[in-house]
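When a ligand or atom number is given, it counts from 1 through the structure's own listing order. The figures here come from the full heavy-atom set of this structure, side chains too, leaving out hydrogens, waters and symmetry mates.
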Amino acid sequence: NPDEMPSTDLITLTRHVLAEQFRLGSTATGDLTSLLIAIQVTSKFIANNVRKARLINLIGLAGDTNVQGEEQKKLDVLSNDIMVNALRASGKTAVLVSEELDDPVIISDHRLKGKYCVVFDPLDGSSNIDAGVNIGTIFGIYKVRDGSTGTVEDVLRPGREMVAAGYTMYGSSANLVLSTGHGVNGYTLDNALGEFILTHPDIKIPSRGKIYSFNEGNSCFFYPPVVNYLHSIKFPANNKPYSARYIGSMVADVHRTLLYGGIFGYPDDKKSKKGKLRLLYEAYPMAFLTEQAGGLATTGRMRVLDVEPTSIHDRTPIFLGSKEDVQDVLKFYEEYD
Ligand code: AHM
Ligand code: MG
């Protein structure tokens, strides 16, 4: 209704996470709230850079120099720097793990050391950057173990121990989707206000979907359970095959799966023996969000969140999405094993 007054009671991300802190009462120190606020600022900064990337020549190879002789940073390197700087400065972190960095960053300055560890992929879907397709930031948060001063062991823990996880998708708008373990909420960046506004409260995945999202170009390498599952949804007895949607940007493919239902999969295969996606900062956060939204996330053989990591850049196979769709895949694995 065009005559309707604009809302004077916007729920911003900051307000929403503060409300959660108040709900927890005296048990919450506000540290996680501060950390989440720092993360949302990085998302605004990265979103802004993604948007103007073409104009200011960020697209290109890291190490290139521009006409002024300044070194240009590729968007994923820049995003990594933005996150490391902001997370360190938040004073709430002890260990940072980034897809862009071989080694974990251990915060040693005692004035800045906090009790949280953040694992992140600063800009996922980099093959899509130059084409202007959706890309995103993925993050997961652990609390350091009791008595630990913050070591790599604090992040070599199964995803079920994360205290929060989320992603920001940089698309036609920037969407931040977050769970602190009490359901999933989605926020959209209002560019004029510079605030993430709650637009998708309590996201729940439909129990069954109509969309499958796999890189079927790898079919010749797929193992029988995956081949047979895909066949079953493309040649169904009821003549209602699933639709194919594959963007090749995990954030975008998972975002659609959370909202519309269906299944996203990146299996292990004869070529990629452990799959492609990274356990800590891709699979765990997305599995955490999917479960919090009422869906399932499996490797085909076990719950993703129960996998024990052995190193920070481990990979894992993953199938996630609507409960019934993921259960269908699991049936094909049970038959095969
Ligand atoms: P990246 O971290 O190098 O960007 O790779 C991760 C991306 C995911 O976003 C996406 O799900 C997957 O790789 C797509 O892989 P493929 O191009 O093999 O289909
Ligand atoms: Mg990635």
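Here the angle centred on the Mg ion (ligand 2), running from OE2 of E282 over to OD2 of D121, is 90°, rounded to 10°.
Its N, O or S atom nearest to the Mg ion (ligand 2) is what matters here, and for D124 that atom is OD1.
The list of ring pair (Phe, Tyr, Trp, His ring centres under 6.0 Å) pairs with a residue in residues 233-279, not counting sequence neighbours, reads Y167-H255, H231-F235.
For an aromatic pair to be called close, the ring centres must be under 6.0 Å apart, and H313 with Y281 satisfies this.
Between K143 and E161 there is no salt bridge, since no side-chain N of the basic residue sits under 4.0 Å from a carboxylate O of the acidic one. Salt bridge absent: D269 and K271 never bring a charged side-chain N and a carboxylate O closer than 4.0 Å. Using a cut-off of 4.0 Å between Lys/Arg side-chain N and Asp/Glu carboxylate O, D31 and K115 are scored as salt-bridged.
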Would you please test R303 and E291 for salt bridge (charged side-chain N to carboxylate O under 4.0 Å, His left out) and show each step? CA-CA 10 Å; R303 181 186 179 212; E291 286 197 5; 2.8 Å; yes
Decide yes or no on side chain to side chain contact (heavy atoms under 4.5 Å, CB included) for L320 and M286, but give the supporting numbers first. CA-CA 8 Å; L320 64 78; M286 294 312 201; 3.9 Å; yes
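Protein neighbours of ligand 1 below 4.0 Å, counting non-hydrogen atoms: E99, D121, D124, G125, S126, N215, Y246, G248, S249, M250, F264, Y266, K276, L277, E282.
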